[in-house]
Amino acid sequence: MKAIITVMGHDQVGILSTISTVCANYNSNILEVNQNIINNLFNMIMIINIDNMNSSLKEFKEELESVGKKLGMKIHVMHEDIFNSMHKI
Amino acid sequence: MINTNNIIETIDMIENEHLDIRTVTMGISLLDCIHPSIDIACEKVYDKICKKAENLVNVCENISNKYGIPIINKRISVTPISIISSCTKQSPIKFAYILEKVAKKCGVDFIGGYSALVQKGFSAGDKELIESIPYALAETNYICSSVNIGSTKSGINMDAVALMGKIIKKTAEMTSDKNCIGAAKLVVFCNAPNDNPFMAGAFHGPGEPDCIINVGVSGPGVVHSAIKKCPNSNMTEISDIIKKTAFKITRAGMLVGTEAAKALNMPFGIVDLSLAPTPAIGDSVAHILEEIGLEKCGCPGTTATLALLNDAVKKGGVMASSKVGGLSGAFIPVTEDAGMIDAARCGTLKIEKLEAMTAVCSVGLDMIVIPGSSTPETISAIIADEAAIGMINSKTTAVRLIPAINKSIGEELNFGGLLGSGPVMNVGVASPLKFISRGGTIPAPIQSLKN
């Protein structure tokens, strides 16, 4: 199973490193990263594998949200099924 | 592979366009709680609901977390209480108290089913229940009540219509210190659906399984912004845009419903795909109609645009899921919709136009504030008109009127929260007293003879 992390906000040093450290701490493998910066606005979509996580998705999400608050960025974590359900016939 | 645009679109729908799961409603049959002693029956009701619904709120919160989509309300609907109370041969008010207690215990937002189905006549317990409604709604906070007074198969029970005019007025009077809020929790139906997850009209109808999960999804804001992106589309294209959007919304509901049912170990019933507005800006059905091209909701063209919207929503929904049910369509509650409130305030939207709109929308005259001086027979006659539209057109229609006690046309009633606020609307002064006092039945129409 996969989850999608989206990160949005002002560009700064260390965003990718902070997020990927949280993923590593929860034993979640990063499968894909798509990142761009337009007018200093940082946008990233990260697809991760959550099969072997050492804690619940809820805790992982809360951790990332608190990291987001510290960085002043908006971070969402959503299970892939919501996108598959809504956008595939 | 998940498309990046789809990810951004979904997040945008939730963050900026108010996409949410409006309600996860657990339907619970209370038929096995029937007992001649009301105290024993109440005990059984309490135990059964507690057992079945104790995890409802937790499960919904976990699902909301997992998928990142808000679930606004968690609710319970039960078998119409008149059926459960009939053999006790006394006022069913004790059931209201026990339902209130169990709603608090389970942490749900509302519990629906303080109801009676009297479309063809009153059976034992029905009149007692209806007469207790004003007291039940005045003395509780979580209970919603509904009465079905007509159907295409049975016609309209005019004795019940006459009674309901008095009951609505009395309910408003008994809660006049709380903005007449009791009347906002009381719906009178024609062709009431058995599996509706939305309040105030939710009940767990006869023929439903022991327990079931029904889901109501919403998203007027999502439809609005999809149309806004296509300012030059013709009406055929608008219909397609709405269908595609409704498809996506329904799928989100289907996912949540299936997952909730699995976690709670009960069958999944239906997704009710209803564009249910809230007073928040960007969550209005009236604004969708205005985006299509009306200067103000209520002006000529309103019925046609609403008909297209309602139909396209259903079409998108049935493509997305084989389990679409309930009311499914577009709601037009006046006080709960920022655009409707505006249109009513400026006088473009009148009750006559609303009545025409109900012929093509998914429910009926909903959350309309009327003068406190309106007579019970006027209220009854409005119910009869609305029920006639439902009966002849084989559709659900409903009436939820709030007589604003001690207020008259031009003044406003403010409930706050999701119930919103609205101006007192004119219902005219000519009296239908003789028509309502005749009683009897409006016979079932020829459309009922389909066999």
Side-chain angles (χ1 to χ4, degrees), chain A residues 1-9 16 19 22 26 28-39 41-51 53 55-69 72-89, chain B residues 1-17 19-21 58-71 215 217 219 222 226 243-260 262-263 268 271 273 316-323:
Chain A
M1 285 188 300
K2 296 172 199 162
I4 319 292
I5 304 171
T6 58
V7 185
M8 267 174 278
L16 190 51
I19 307 284
V22 176
Y26 280 78
S28 168
N29 194 24
I30 299 171
L31 304 174
E32 215 177 306
V33 181
N34 185 338
Q35 175 201 313
N36 60 52
I37 299 157
I38 303 165
N39 290 335
L41 191 70
F42 178 95
N43 259 297
M44 179 174 77
I45 295 176
M46 191 182 254
I47 302 180
I48 57 167
N49 187 307
I50 52 170
D51 285 333
M53 277 175 99
S55 181
S56 69
L57 183 63
K58 189 177 175 226
E59 279 177 37
F60 175 70
K61 186 179 171 175
E62 283 165 0
E63 169 85 25
L64 272 183
E65 280 169 355
S66 80
V67 163
K69 267 190 194 152
M73 310 199 77
K74 193 103 190 159
I75 301 186
H76 293 276
V77 182
M78 295 157 86
H79 193 283
E80 63 168 338
D81 283 353
I82 182 103
F83 306 106
N84 293 333
S85 302
M86 287 176 72
H87 300 282
K88 280 187 190 165
I89 293 176
Chain B
M1 175 56 210
I2 301 165
N3 183 315
T4 312
N5 289 336
N6 292 346
I7 295 173
I8 293 168
E9 186 188 348
T10 306
I11 292 177
D12 208 36
M13 283 178 174
I14 296 168
E15 284 281 300
N16 304 320
E17 297 164 2
L19 171 64
D20 55 45
I21 305 298
N58 269 342
V59 162
C60 289
E61 274 163 13
N62 288 341
I63 294 171
S64 176
N65 242 311
K66 182 174 174 186
Y67 296 115
I69 186 165
I71 299 175
V215 169
V217 286
V222 183
K243 280 197 290 189
K244 284 177 189 159
T245 314
F247 175 91
K248 293 173 191 170
I249 300 172
T250 310
R251 276 290 173 82
M254 183 78 191
L255 175 68
V256 167
T258 314
E259 188 112 339
K262 199 173 147 200
F268 172 55
V271 184
L273 172 61
V318 293
M319 175 74 185
S321 167
S322 301
K323 294 190 162 186

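Every chain is numbered from 1, with letters handed out A, B, ... down the list of sequences.
- Contact of Asp81(A) with chain B is made through backbone and side chain together, with heavy-atom distances under 4.5 Å.
- Considering CG of Asn5(B) and CG of Asp12(B), their distance stands at 11.5 Å, rounded to 0.5 Å.
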Kindly indicate, with the supporting measurements, whether the criterion side-chain contact (heavy atoms from CB on, under 4.5 Å) is fulfilled by Met13(B) and Met86(A). CA-CA 11 Å; Met13(B) 283 178 174; Met86(A) 287 176 72; 3.6 Å; yes

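- For Leu19(B), the part sitting under 4.5 Å from any heavy atom of chain A is the side chain, from C-beta outward, and nothing else.
- Interface remark: Ser64(B) contributes backbone atoms only to the contact with chain A (heavy atom separation under 4.5 Å).
- For chain B, the option among His87(A), His79(A), His76(A) with the highest count of heavy-atom pairs below 4.5 Å is His87(A).
- The closest donor-acceptor contact from the side chain of Ser28(A) to the backbone of Asn49(A) lies under 3.5 Å.
- When each of Met8(A), Lys61(A), Lys74(A) is checked for heavy-atom pairs under 4.5 Å with chain B, Lys61(A) comes out on top.
- Side chain of Glu80(A) to main chain of Lys2(A): a donor-acceptor pair is present (N/O by atom type, distance under 3.5 Å, no hydrogens or angles).
- Here the straight-line distance linking atom CD1 of Ile7(B) with atom CD1 of Ile47(A) works out to 5.0 Å at 0.5 Å rounding.
- Taking CG of Asn6(B) as the start and NZ of Lys248(B) as the end, the distance is 7.0 Å to the nearest 0.5 Å.
- If you measure heavy-atom distances from Ser85(A) to chain B, the contacts under 4.5 Å come from both the backbone and the side chain.
- Only the side chain of Ile11(B) has a heavy atom closer than 4.5 Å to any heavy atom of chain A.
- Neither the backbone nor the side chain of Met254(B) comes within less than 4.5 Å of any heavy atom of chain A.
- Using a 4.5 Å cut-off between heavy atoms, Glu9(B) touches chain A through its side chain atoms alone.
- Put simply, the side chain of Arg251(B) never gets that close to the backbone of Phe83(A): no donor and acceptor are under 3.5 Å apart.
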